[in-house]
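Just so it is clear, the structure is predicted and the values come from calculations on it, not from any experiment. Letters go in sequence order (proteins before strands), and every chain restarts at 1. Just so it is clear, the values below take in all heavy atoms, side chains as well, and ignore hydrogens, waters and symmetry mates.
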Amino acid sequence: MRTLTYAQTFNETLRQLLRGDETVFLIGQGVKSPWYVGSTTLGLVQEFGESRIIDTPVAENAMTGVGIGAALSGLRPIIEHPRMDFMYLAMDQLANHAANWYYMFGSRVPVPITVWGIINRGGEQAAQHSQALQAMFAHLPGIKVVMPSTPYDLKGLLVAAVRDDNPVLLVDDRWLYEVQGEVPEELYEIPLGQGIIRRPGSQATVAATSFMVHEALKAAAALEKQGVDLEVLDLRSVKPLDQELLFASVIKTGRLVVADAAWKTCGVAAEIAALAAEHLFADLKGPVLRVTLPDLPAPASAALEKLYYPTHQDIEAAVLKLLGMNGQEVEKAASGF
Amino acid sequence: MRTLTYAQTFNETLRQLLRGDETVFLIGQGVKSPWYVGSTTLGLVQEFGESRIIDTPVAENAMTGVGIGAALSGLRPIIEHPRMDFMYLAMDQLANHAANWYYMFGSRVPVPITVWGIINRGGEQAAQHSQALQAMFAHLPGIKVVMPSTPYDLKGLLVAAVRDDNPVLLVDDRWLYEVQGEVPEELYEIPLGQGIIRRPGSQATVAATSFMVHEALKAAAALEKQGVDLEVLDLRSVKPLDQELLFASVIKTGRLVVADAAWKTCGVAAEIAALAAEHLFADLKGPVLRVTLPDLPAPASAALEKLYYPTHQDIEAAVLKLLGMNGQEVEKAASGF
Amino acid sequence: MGSALANRIKTAPAGLDCQHDHLAECSPEELREMARVMTRIRLVEERIAELVAGGEIICPCHLYIGQEVIAAGVSAHLRPDDFVFSTHRSHGHYLAKGGDLKAMMAELFGRRTGCSRGKGGSMHLVAPEVGYPGSSAIVAGSIPLAVGAALGFKLRRVDCVAVAFFGDGAACEGAFYESLNFAALKKLPVVFVCENNFYSTHMPLEEMQAEPELYKKAAGFNLPGVRLDGGNLGEVWTTAREAVQRARQGHGPTLMECLTYRWRGHVGPDYDLDKDLRTLEELNWWMNRCGLKKLEEYLLSRGFISGAEAAAMVQEITGEIAAAVDFARHSPFPDKKDLYLGVFKGKQP
Amino acid sequence: MGSALANRIKTAPAGLDCQHDHLAECSPEELREMARVMTRIRLVEERIAELVAGGEIICPCHLYIGQEVIAAGVSAHLRPDDFVFSTHRSHGHYLAKGGDLKAMMAELFGRRTGCSRGKGGSMHLVAPEVGYPGSSAIVAGSIPLAVGAALGFKLRRVDCVAVAFFGDGAACEGAFYESLNFAALKKLPVVFVCENNFYSTHMPLEEMQAEPELYKKAAGFNLPGVRLDGGNLGEVWTTAREAVQRARQGHGPTLMECLTYRWRGHVGPDYDLDKDLRTLEELNWWMNRCGLKKLEEYLLSRGFISGAEAAAMVQEITGEIAAAVDFARHSPFPDKKDLYLGVFKGKQP
Ligand SMILES: Cc1ncc(C[n+]2csc(CCOP(=O)(O)OP(=O)(O)O)c2C)c(N)n1
Ligand SMILES: Cc1ncc(C[n+]2csc(CCOP(=O)(O)OP(=O)(O)O)c2C)c(N)n1
Ligand SMILES: [Mg+2]
Ligand SMILES: [Mg+2]
C-alpha cells in the first residue's frame, strides 16, 4: 500500500469524493488558496471549478447556513472553517439549525453536511487563533464529532462523514499534516462511532483524541522502557463514542488516563472520565486522570506555548502517578483552575 | 426580613445597582418590554431612562460587543440575553473577545461585564427556545459562571458579578421566578466560587445547579421518608467551582449524584463527575451518577417535555440506585446517546 | 409608536385603484385561488386564536392575520419544487405553499400525527413534499438557508427558486446582510421577502433601525430592492412574479419589502393594545385596509365570484378546519419512544 | 485580479495636486509630525520584515507598509483619551496612537516586557495609557467594541471619540452592519475607517463583495459614507478631521472608505507575487503612488523640511528601532508563573 501524509490524504480524499459524487461540493474560506488551509485543497479548484470549490467571503454565519441550505436542497456540502476559533461566528447555524433540524422536524428532513473544522495552533498565534472546540460540539445532541489521528482514519472517517445523512464535524489538527501512513487508493468508510486500540497493553489505558494519540504512543514507548505496559485507545469518534471499546479496555487495565488537547473543564476528557466514574467504578484501580490544556487562553510567546500544550511527558507523568511509580506531579494538566 | 420572589429580587437588585453606581447600565433585548423578560425589568426604563436601559435591535453579536466595548471604556454593563439559545449568535464576542481580553493583553485591560443569560424552557417552545448552555461557557477559561437558585443568592451573586472586574455569566432560569425567599434590603455580595450546603446529610451528596437544587431538596424530603439522609449541595458557582466544599461533602457521604438540567455529554455534570473520579476515588463508595437532560434537542409537545426535563424523581431513583435500595433504573438520565 | 411609518404608508399611492391595474393581469381563476388561500389562512388563524385562548393549544403561536396577501401573492408564482423558508410566524407561508392543514393542526396540538411529529410546534412546521423544508424560529436564521438552497438549485442546474420570508426585525441581524451579499455576488435564484409589519416583538421599527426603509439595504449589495404595499395583492403579485422570474431565469436575487401589519400581538391571540405598545388608532387604520376584504370586494364587483360562491368557500374551509381540529384532538400524543427517536438519521449509534 | 478596481482608482481625481489643496490646511508642524509618524511606521515595519525573515520574530505579522497615510491622517485628530480599535494588521495604528515602540517590539519577540507581556503577539498589541485598549484578530471583531466604547463615552458624557480601523474583508461580516446600524441609530461618537486594500487574505475584493464600493454601505443605515484615496494624506486628514469632529460634537458616526494597498503579502514579509495572487504590475502601480514619498516631496518642495532634517529624522528613528530591538532581544521570556497568571483580574479563585 502507498504511504501518504495526512495532508496528502486529505487532498486525495476530497478529490475522490468530488469525482465520485456530483452532489458533493466544498465551501469555506481559503479552499482555493495556495496556502490558507495548508496543501489540503491544492488543485481542487482547477479540477472542479469555482462552482464546486467555493471560496467564500469572510462571513462564517451565513456561509455555514448556505451550506446547510444547500444540504436541504439535496447536496452534500463539506463546509470548511480554517480555524475552529472562527466557528463561534457560525454557532447559531450549527447548533440551532443543523444540529436541531432532523429531530425538530420529526425526522423528516435530514441535513447531510460535513463540517471540516481546523485546529491551527502553535506558532505564537495566540488566543483567537489556536482553539480546539470539540467539546462544545460534542455537547450538542444533533451533531456527530470525529477526530481522526492517522491518514488511514482520516480517509475512512471523511468518507463516512460525507456519506452520513447527518451533520458531522470532522476536527482536523494541522499538527497531523505531516504524519505518514498507509492509505488504500480506493474510497472506504470507517463507521462513525468506532474507536481503535492503537497499542494493546495491560497496566493502564490512555484514551486519546487526534494528535494526542501520537503523544500517547510516544509515552507508551518511553514507559515500556520502564517496564510499564500501556494500552493506547484512539477514540476516533467523540460522538457517538465507542463506549464498548473504552469500557473493555478499562475493565482490562483498571486504570484510565484521558488525553485531549483542549480545555479541561467540561471538555471531552471530562466526559470520558465521567463515563468511567459512572460505569466502571468497580473496575477502576485508581483515579481517572486527565491530560488536557490548562484552563487558560492560548498565549502567544513560544516560551509559553511550550508549557501550554500537553505532551507525551504529561501522559507519562499521569500514568506513573496512577501506578504509584513516581512522585512526579501531573502539574500542567492537573492545574485546573 | 422580607420575603420576595426571585423575579422581584431580580428587579430590586437591578434597581439598586443602577441607583448605586452610575457606571452600571443594562443592555439587551426586551429590557424595556412589559413581558419579554418576565417582570424582572419592569419600571427600570421609567426610573433610569433609555440611556441606561437600552433595549436593542435583534443583533446579538454586535450588541454583545457593544457591551464589551462600553466596559473597556470604563462602564459596568449588564448584558442581557432573553434566551441562552440566542447567545450562539454572540459567541464570538463572548468567547473570542470578552473571555480572552484580560489574559491576551497581559492583564492590562479588564472586561467588567455581567452577562445575564436566561433559560426559558417548557411551554412547548421546542429546540431553538429552550436551551441551557452553562457548560459551553464553563468550558471557556476566561468567563465566570454562576447559577443562583434562591432569591437571596440571586441578589448576592448578581451584585458580586457586577462588581467583579471580569466577565461573569449569570445563568437565570425562569422556572425560578416564583421561588420565594428572604432577602435583605441592602446590597450584599456572595463571593463568586462559593457553594453552599442546602441540606446536610450523611448517606449521599447531590450536587445540583440552579433549578435542580429545588428538585434535589424535594428528593431529599421524599427520601427521608424512606430513611435516606441526603446532603444537598448547591454549587451556586460553576466557574470558579467550590471544590473544597464539594470534596468535603463527598468525603463525608461517599456517594455522589450530580444534577444539572442541561445536556449530559460534556456538561457541567460531567465536569463534577470527572473531578470526583480524579480527586475522590478513594472516598467514593460507588459510581458517580448524573441526572441531566438526555442528549436530545428540546421537543415541543408537552407530552414529551414531561419526559425530557429531569425532576426530583430522577434524583431519587439515582440515589436509591447508588444505595442499592432499588432496582429502579435512572432511565431518563442515563440514556446517554 | 410606529405611527410615523404608518403615516408614511398612508400617503403612498396604494389602495384599491392601484390594485385594479395590477390585478387585471391575473385570470379570474388565479384570483379566486388566491382569495381561497388568503381566506383559508385567515380562518385557520382565527380558529387557532380561539384554541390558544381556550388552552387547547399550548405552543407559542405567532399569528399571521393581516399579512395574508404576502404569502398568497408570492406563493402564487411558486412550484412545488421551489422552496419556501419561514420564521416563527410561519402558518401562512406553510399553508400558502400547500402544507397539509391536518398535519399542521396536529402539530400545534403536540400530537404524533403532526407534520413534525409533535417535536416542532407552531414555530417549526415542515412539508418537504411541497417544498417547505422547515422554518426557523431564530430571527434571520432561515435567510442563509434560503440562499443555500438557491445555491443548491444552481449547482444542480434545476430552475427552482428559493424564497426567504422574514420580518423587519430580521433586518437587524448580520446574517441578513451576509446573505444579501452572497446571493447577489453569486446571482442566486432567491427572493428575499421582508414582511415589514413595523414591530419586532415590542419594539417599533424606528427604535431598531437607523434606516427604516428596508428596501434600501439592497442598494448596498447591488441587487434590486423594492418597497410595496403588502396589503395590495396586485402589487405583491406582480412584483413577486417579476422577482421569481428573475431568479428562475438566472438573473439573481431581489429584495421585496412588503409593508404590512400583524393585527394580533407578537405572540398569541391578544392585540398588544394594553401596555402602551401600540394604539387602537393605528390598529384600526391597518384593519381598515384589509387586503383580503379588498380582494373580496374586487372579485364580487367584477362578478368573478358570486356571493353564494364566496359563502360556499368559507363554509368549505370552515368544515376543513373543523375536521383538522378534530383530527388533531383525536390524535395520539408522542411517547417515550418518540422522544428518543430521530436525533440522527439512520441506525441509532 | 483586483485590477478592475485599481483601474477605477487610477481615474480618480487624486494625487499630488489634490493633496496640495488639502494639505494647505495643515501647519508645517502638523505635517512634519505626520511625516515622522509615517516614516516611523514604515521603518519599523521594514525592520520587522527582516526580523521575521531572519526567524527572530515568530508570531504572524501582518505588515502595514503602504497604508501609513491612513493611520497617521486619522490619528492626527485624536486625543490620548480617544480610543482606537484595530485588527490583525495593527502595528501602524498602535504606533500612530502613541503606543510604545519598545513594548511593541518586545511583544513581537514574545517577551515578558512586551505590551501584552508576551501573551498577545503581533495581532494583540495594547496601550491603554494612550487610548489603545487592544486589537482583535477576529475579522470585524473590534468594530462592535468601538461602537460600545462610543456608547460608553456618550453615557459618561465625555467628548471622546472611538475609531474602528478595519479592512475590506471585514465589510463581509454581519457584525459590521449590525454595528453601523446601532451607531447610526444612537448617533454614537465613532468613526468607521475601512482600509480597503482590495484583498482579504488571498481573495480579491470583487470575489467577496457584490458591491465593492464599500462606502455605499453607509447609505443603508443613514450615515455618511465617503470614499477617498488612502494614499492622499490631505484627503485622509481633512475627511478624518470632519468625521472626528462630527463624532465629538454628537452628530454621529461616519464611514470612511480609504482606498489603499498593502505592499507586502497578507502575512509576513513576502509580496504574494508568486502563486498568481496578484501581479507585479499592480504592485508597482500602487508603490509608485506611495503616500509617504509624496508627502516627503511636498515637504521638501515647500521648504517645510530640509534634506538634512529629513535624514536626521530617519536616523533618529533608525536608532530608536535599533534600541527597541535590542531591548526586546535582551528581555526575559515569560515563564510558567506568567502562564498561569491573569486569566481573571483580582485574586485567583
Ligand atoms: C436570534 C433571535 N433573537 C431574538 C429572538 C426573539 N424574537 C422572536 S420573534 C422576534 C421579533 C421578530 O420580529 P420580526 O422579524 O419583525 O418578525 P415579526 O414577529 O414581526 O413577524 C424576536 C426578537 C429570536 N427568536 N431569535
Ligand atoms: C472571523 C474571522 N474569519 C477569518 C479570519 C482569517 N483572516 C485573518 S485576516 C483575514 C483577511 C482580512 O481582510 P481585510 O479585512 O481586508 O484586512 P487586511 O488583511 O486586508 O488588512 C482573514 C480572512 C479571521 N481572522 N477572523
Ligand atoms: Mg416585524
Ligand atoms: Mg483587505
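The shortest side-chain heavy-atom distance between B:Q125 and B:N120 falls under the 4.5 Å cut-off.
For the residue pair B:T64 and B:H81, a side-chain donor N or O sits within less than 3.5 Å of a side-chain acceptor on the partner.
Of the listed residues (A:L140, A:L94, A:V268, A:L241), the one with the most heavy-atom contacts under 4.5 Å to chain B is A:L140. Chain B forms the most heavy-atom pairs under 4.5 Å with one residue out of A:V238, A:N61, A:N100, and that residue is A:N100. For the set A:C266, A:P287, A:A270, the entry with the most heavy-atom pairs within less than 4.5 Å of chain B is A:C266. With respect to chain B, the highest number of heavy-atom pairs below 4.5 Å among A:A273, A:G267, A:A282 belongs to A:G267. Interface check for chain A: of the options B:A277, B:A274, B:A298, B:P297, the most heavy-atom pairs under 4.5 Å are formed by B:P297.
A salt bridge links A:R290 and B:E271; the closest N-O separation between the charged side-chain nitrogens and carboxylate oxygens is under 4.0 Å. In summary, B:K264 and A:E278 engage in a salt bridge, as defined by a charged side-chain N under 4.0 Å from a carboxylate O. A salt bridge is absent between B:D242 and B:R236; no separation between the charged side-chain nitrogens and carboxylate oxygens falls under 4.0 Å.
Using a 4.5 Å cut-off between heavy atoms, A:Q93 makes no contact with chain B at all. Using a 4.5 Å cut-off between heavy atoms, A:A127 touches chain B through backbone and side chain atoms alike. Of the atoms belonging to B:A135, heavy atoms from both backbone and side chain fall under 4.5 Å from chain A. For A:M104, the part lying under 4.5 angstrom from a heavy atom of chain B is the side chain only. For a residue to count as touching a neighbouring chain, one of its non-hydrogen atoms must lie under 4.5 Å from one of that chain's; by this rule A:A126 does not touch chain B. In this structure, chain A has no heavy atom under 4.5 Å from any part of B:L256. Using a 4.5 Å cut-off between heavy atoms, B:E60 makes no contact with chain A at all. If you measure heavy-atom distances from B:I272 to chain A, you find no contacts under 4.5 Å at all.
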Could you walk me through whether A:Q131 and A:D85 satisfy the side-chain hydrogen bond (donor to acceptor under 3.5 Å, both in side chains) test, starting with their C-alpha distance in whole Å, then the side-chain angles of each, then the deciding distance to 0.1 Å, before giving a yes or no? CA-CA 5 Å; A:Q131 295 171 61; A:D85 314 63; 3.0 Å; yes
Walk me through it: do B:D260 and B:T209 pass the test side-chain hydrogen bond (donor to acceptor under 3.5 Å, both in side chains)? CA-CA 5 Å; B:D260 177 55; B:T209 62; 2.6 Å; yes
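Using cut-offs of 30° and 60° on the angle between ring planes, the pair A:W263 and B:H139 is perpendicular.
A:H129 and A:R83 get closest at one heavy-atom pair: O-NH1, 2.9 Å.
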